[in-house]
Amino acid sequence: MNSMASLASQICSDISSIFSKPTHPHPPPLDLLLTELTTTSAQNGRVFLYGVGREGLMLKALCMRLAHLGLSAHFVFDMTTPPVAANDLLIASAGPGGFSTVDAICNVARSHGGRVLLLTAQPETGSCVKHASVICYVPAQTMADDADEGGAVKSRPVLPMGSLYEGALFVLFEMVVYKLGEALGESPEAVRSRHTNLE
């Protein structure tokens with residue numbers, strides 16, 4: 001049991017350490033996400049979310065919570081996703097800096113007047129950066145920097161490849177939901193009332 005608690009503590013500590021790292025010249029990710037989401041809500045805009053792989057799973061979880069908070073939130077490629085337009089916000093993630101699908105989705109959103117918030121751990125070098133209206137820098141290890149120049153993994157980390165980044169996204173999004181609910185004046189009862197009953 002102690003080894004399980006110790007491993008859990010190490011994982012939580014690794015994720016927690018991400019939020020004490022400097023993000024300058026980019027604003028702190030929590031502040032940036034809150035500003036963008038409250039502005040979008042105030043303008044009656046919709047929020048679109050997109051990511052691939054495990055990053056996509058974290059964004060799907062955020063999408064669900066934004067809907068519970070009363071925002072019009074949609075995960076890209078869902079059957080009922082409406083068209084993006086002005087006043088809308090796309091939140092996309094490319095931890096290692098770029099994915100061809102994320103590049104394409106961000107480009108389409110911008111070309112239709114949407115605002116693009118890009119979550120990334122590679123704010124200077126990623127291919128997706130050029131499509132972003134604003135960059136949300138999450139300074140965590142991803143697959144882009146988990147190996148040396150020869151391609152060998154530096155060591156056997158507890159959180160391999162992009163797990164540290166993905167774990168940081170989950171924690172960041174929980175902070176966002178907590179603070180956003182406060183900012184929007186959403187009571188726990190109101191949030192709970194929007195949860196599906198088709199289960």
Between Ser193 and His195, is any side-chain donor less than 3.5 angstrom from a side-chain acceptor?
no
Ala183 versus Thr38, closest heavy-atom pair with distance:
CB-CG2, 4.0 Å
Taking Ser13's backbone N and O only, do any of them form a donor-acceptor pair with Ser16's side chain (distance below 3.5 Å, no angle check)?
no
Aromatic contact between Tyr50 and Phe77, with the criterion being ring centroids under 6.0 Å apart: yes or no?
yes
So do the side chains of His131 and Asp103 get within less than 4.5 Å of each other, counting heavy atoms only?
yes
So how far is it from Arg192 CZ to Ser187 OG, rounded to the nearest 0.5 Å?
12.0 Å
Minimal non-hydrogen separation, Ser41 against Leu184, with atom names:
OG-CD2, 3.8 Å
Consider only side-chain heavy atoms of I, L, V, M, F, W and Y, link residues closer than 4.5 Å, and tell whether Leu30 and Val138 are in one cluster.
yes
Given side chains that start at C-beta, do those of Leu37 and Leu66 come closer than 4.5 Å, heavy atoms only?
yes
Taking Ser9 for its side chain and Ala5 for its backbone only, find out whether a donor-acceptor pair lies under 3.5 Å.
no
For a quick test of reading the model, state the closest non-hydrogen atom pair linking Pro123 to Val129 and the distance between them.
O-CG2, 3.4 Å
If hydrophobic clusters are built from ILVMFWY residues whose side chains come within less than 4.5 Å, do Val108 and Ile91 share one?
no
Whether the side chain of Asp88 engages the backbone of Ala85 through a donor-acceptor N/O pair (distance < 3.5 Å, no angle test) should be reported.
yes
Could you check if a side-chain atom of Phe99 sits within less than 4.5 angstrom of a side-chain atom of Ser127, using non-hydrogen atoms only?
no
Output the distance between atom SG (Cys12) and atom CD (Gln10), rounded to the nearest 0.5 Å.
10.5 Å
When the side chains of residues 166-180 are checked against the rest of the protein, which donor-acceptor pairs come out under 3.5 Å, sequence neighbours left out?
| unit_1 | atom_1 | unit_2 | atom_2 | d |
| --- | --- | --- | --- | --- |
| Glu166 | OE1 | Arg54 | NE | 2.5 |
| Glu166 | OE1 | Arg54 | NH2 | 3.0 |

Do Met64 and Leu89 land in one hydrophobic cluster if side-chain heavy atoms of ILVMFWY residues count as linked below 4.5 Å?
no
If only atom types and distance count, is the side chain of Thr81 paired as donor or acceptor with the main-chain N or O of Phe75 below 3.5 Å?
yes
Note: Ser93 and Leu59 closest approach over all heavy atoms is CB-CD1, 3.5 Å
Any Ile15 side-chain heavy atom under 4.5 Å of Leu159 side chain:
yes
Heavy-atom closest pair (Tyr137 atom, Pro22 atom, distance to 0.1 Å) is CE2-O, 4.0 Å
So do the side chains of His74 and Pro82 get within less than 4.5 Å of each other, counting heavy atoms only?
yes
Rounded at 0.5 Å granularity, tell me how far CZ in Arg46 sits from OG in Ser72.
6.0 Å
Are any of the side-chain nitrogens in Glu186 or Arg194 under 4.0 Å away from the carboxylate oxygens of its partner?
yes
So, taking the atom named CZ in Arg115 and the one named CG in Asn87, what distance separates them when rounded to the nearest 0.5 Å?
11.5 Å
Using a 6.0 Å cut-off, check whether atom NZ of Lys60 has over 12 heavy atoms from anything other than its own residue.
no
Yes or no on side-chain contact (heavy atoms from CB on, under 4.5 Å) for Val76 and Leu49, after CA distance, side-chain angles and deciding distance?
CA-CA 6 Å; Val76 175; Leu49 301 100; over 6 Å; no
With side chains defined as the heavy atoms from C-beta onward, is the minimum distance between Thr120 and Cys128 less than 4.5 Å?
no
Hphob cluster co-occupancy, Leu71 + Val191, side-chain heavy atoms under 4.5 angstrom:
yes
The reported gap from OG in Ser133 to CZ in Arg110 (rounded to nearest 0.5 angstrom) is 4.0 Å
Using side-chain heavy atoms (C-beta onward) and a distance below 4.5 Å, is Val134 in contact with Glu36?
yes
Does a side chain donor of either Arg65 or His68 reach within less than 3.5 Å of an acceptor in the other side chain?
yes
Heavy-atom nearest pair, Leu69 first then Gly181, reads CD2-CA, 3.6 Å
So Thr23 and Pro139, do their side chains get closer than 4.5 Å, heavy atoms only?
yes
